[in-house]
Chemist: 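I have a structure I would like to understand better, so I am pasting it below and will then ask my questions one at a time.
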Amino acid sequence: MAPQRSQSARGYVATVSLPALPPPIGTSGLTGWMRQNLFYNLTNSLMTIFTVVLIWLLFSSASGWFVFDAVMQAGSKQECLKIDSGACWAVIGKRIEQFMFGFYPEAERWRPLVCFLLLFVAIGPLLLPSFPARRQMLWFSAFYPVLTGVLLLGGAFGMPPVKTALFGGFMLTLIVGVTGIAASLPLGILLALGRQSKLLAVRTLSVMFIEFMRGVPLITLLFVASTMLNYFLPPGTHFDLLLRVLIMVTFFSAAYIAEVIRGGLQAIPAGQYEAAQAIGLNYWQTTRLVTLPQALKISIPGIVNTFIGLYKDTTLVIVIGLLDPLGIGRAALADANWNGLSNEIYLFVALFFFVSCFAMSRYSLWLEKRLATEHR
Amino acid sequence: MKSTSWVIAGLSSVLLAGTAGAATLDDVRAKGELTCIVNTGLAGFAAPNDQGVWSGFDIDYCRAVAAAVLGDSRKVGFVPSTTAERFTKLRAGEGEILSRNTTWTFSRDVDLQQTFVGVNYYDGQGFMVPASLGVTSATQLDGASVCIQTGTTTELNLAEYFSLNKMKYEPVPIATNAEAQSNYLAGRCDVYTTDASGLAATKVAFDNPNDHVVLPEVVSKEPLGPVVRHGDDQWADIASWTLKAMMVAEELGITSQNAEKMKNSENPEIRRLLGVDELQGVSALGLSPDWAYNIITQVGNYGESFERHLGKSTKLGLSRGINALAKDGGLHYVPPVK
């Protein structure tokens, strides 16, 4: 349909621009997207159909076990089997509190819960620049570890003391993971700077520490924490097992962080150091204002990678008899009522770790984008 | 020079003093709590229940010691431990008693500076195979692949049994019972071997228990019992006689239900056990006269504990067998309470 020519004598030119036609059907909207991405050509279409069928098969066979035939309420595996043939999620329901708090006394469970909620208040100002009243809240963040310690251990302000041997489940994972992450970053930065230092003693010590920690598997360090340290300490001193584990995990992770940050420091052009010196900055000013901010930005993916690794490595504490979610799960399997439900329990624990690790990796992506200042 | 040697001497004395010196009983009383090293989870013997309270046959023993020493079976903390580090934990002083289905062997008793105080369960290693294999005896297992838990006495027993019978096998090493269960069911091994009690617990958890058979051969002696640190005889006596008191109570027919009434019994042994008449040496041991009464009323006698966690009414459904008292044809023969 060509535009009609004007019959008047004044000319053949249209006086107004014609409205744009919609794009041809099949190049825009949902159909367009599908044509572009799913049915571009024959191979593409076949692959799409094949994948859809595969997903459908997987979903239809798994959904029965996961959802439709699953049992939510029962007292034992045998009862589950009587009700339906699918997953026996009842074991998670019955033991959810153990999965969360371990053997923390029931009446005191509000304490870890409060700590958990306050964790978000404490890390909020650290992670998000737009946090309300950020400056004041940072003081709270600094005070948070002490607060958590007092709340969890008790023995002050009328709260009955709770022994760390009763800690377990996700609570234990979070304590070990968050402490390790929070404490190993500053330590790692110091070690990375130490390794590059011009002072021989500082450099040697840093190198020795880093190489020793990296040269030994975490599981070995945990065994040392659990058994060896007791022999070296004077008799009668009680050095809490959890504290020992926290220290070892922090040291281990700090060594890795140090190497990641050293990589970042080395990526900074020498011109930056020289420019800083030229305007009269001393070592600490150079580090704080020029080199370290850039190095940290470069190292974000590596740092988060190390943190995720550390977080998942907390499951290793099972070898020294601390009951993290995996340990609680195994203990549940040893209960004659729930014996044999490994699929349900391991899937549940896997889901927990996936959710927390995925959140961490998303945050790191967001942070990278926000800090991207280079011209790419 | 001189100062260096002093430092070394000081350090070594610190190291050597260890934890064995102090009287364990006083430590426990001072803490107000007994600490027991237990399994991280073994059906019937030790596992937390849905409420998060540890229970099981080995747990009951710990509670009995707490009842004897502190008068309250609830005053006990549990330190879960893996197979590999249980002895180290005991020696490092992380618990006063190791009650973790531990086999009493010569080298464990002698080498590792620890003392076995008795046997609370006579076990023995057995084999389980799928019924479809058609195997009826362990001597037909030549060439089989065998799922076996590492770091246990069962590993050595298996090797010895197969070499004695001139058979070959392929070991499939496994860390925990739950893992062994799934590996065996997935067909990664033809045979699963562990203590007979463990086999029973594993089998009963299967969806189709009747598809599997436990072979009649029991190829080893596995006397399981509690362990204490070497060097504190008073504590070893307490640990030992706590177990014996539970057995004597069963022998004399004292249960948690009738203990109060039994105090009026004419039988002098019952009267001595329950603290009605004087039992020579109790105070020297550092216990109160009602130590055994506390054990029996708060935990129960040996038979009650067995039935509660392992017996016919439980999912494990084990029979007493050789774990009956000697008077019933079993192996538990206890010295008299005199």
Side-chain angles (χ1 to χ4, degrees), chain A residues 75-78 81 85 90-91 93-106 109 163 165-166 168-169 222-223 226-238 241 318-323 326-343 345-346, chain B residues 11 13-22 27 33 35 37-56 77-82 84-89 91-94 175-179 181-182 185 201-202 204-207 309-310 314-317:
Chain A
S76 70
K77 187 195 175 195
Q78 287 72 18
L81 283 176
S85 61
V91 60
K94 284 269 186 210
R95 296 206 170 217
I96 188 72
E97 294 195 337
Q98 259 181 69
F99 273 112
M100 284 172 47
F101 303 108
F103 302 102
Y104 209 85
E106 222 170 319
R109 285 192 182 147
K163 276 186 294 182
L166 300 175
L222 289 176
F223 271 124
S226 145
T227 53
M228 294 282 290
L229 281 182
N230 266 341
Y231 288 115
F232 297 135
L233 294 167
T237 43
H238 181 70
L241 177 63
I318 196 172
V319 300
I320 55 166
L322 290 182
L323 295 184
L326 216 52
I328 295 281
R330 285 196 189 174
L333 288 176
D335 184 338
N337 283 334
W338 305 113
N339 205 328
L341 293 176
S342 16
N343 290 346
I345 283 171
Y346 289 140
Chain B
L11 270 178
S13 70
V14 160
L15 288 180
L16 288 175
T19 40
D27 288 350
E33 188 185 77
T35 313
I37 301 164
V38 298
N39 202 311
T40 47
L42 178 67
F45 286 87
N49 65 13
D50 289 347
Q51 286 73 43
V53 179
W54 285 88
S55 82
F78 297 101
V79 175
S81 162
T82 55
E85 50 149 24
R86 50 185 161 181
F87 297 119
T88 339
K89 278 206 167 176
R91 270 176 293 157
E94 286 191 31
T176 67
N177 190 49
E179 208 179 304
Q181 208 167 306
S182 43
L185 281 180
T202 309
V204 78
F206 289 165
D207 292 342
H309 300 294
L310 309 171
T314 66
K315 296 222 164 58
L316 265 72

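Chain identifiers are assigned alphabetically (A, B, ...) following the order of the sequence lines, protein sequences preceding nucleic acid strands; residue numbering begins at 1 within each chain.
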Chemist: Nearest 0.5 Å please: distance from the CG atom of A:L326 over to the CD1 atom of A:I345.
Modeler: 10.0 Å
Chemist: Between the main-chain N or O of B:N49 and the side-chain N or O of A:Q98, is there a donor-acceptor pair closer than 3.5 Å?
Modeler: yes
Chemist: Measure A:K77 against the heavy atoms of chain B and call it side chain, backbone, both or neither at under 4.5 Å.
Modeler: side chain
Chemist: Under a 4.5 Å heavy-atom cut-off, does chain B meet the side chain of A:F223, its backbone, both or neither?
Modeler: side chain
Chemist: So which of B:G52, B:P48, B:S81 has the largest heavy-atom pair count under 4.5 angstrom toward chain A?
Modeler: B:P48
Chemist: Find the one option among A:N343, A:L322, A:I320, A:L341 whose heavy-atom pairs under 4.5 Å with chain B are most numerous.
Modeler: A:I320
Chemist: Walk me through whether A:V91 and A:D335 qualify under side chain to side chain contact (heavy atoms under 4.5 Å, CB included).
Modeler: CA-CA 10 Å; A:V91 60; A:D335 184 338; over 6 Å; no
Chemist: With only heavy atoms counted, which part of B:L42 is less than 4.5 Å from chain A, the side chain, the backbone, both or neither?
Modeler: backbone
Chemist: Look up atom CD1 in A:I328 and atom CZ in A:F103, then write down how far apart they are to the nearest 0.5 Å.
Modeler: 4.5 Å
Chemist: With a 4.5 angstrom heavy-atom cut-off, which part of A:Q78 approaches chain B: side chain, backbone, both or neither?
Modeler: side chain
Chemist: Any side-chain donor-acceptor pair under 3.5 Å between A:N337 and B:K315?
Modeler: yes
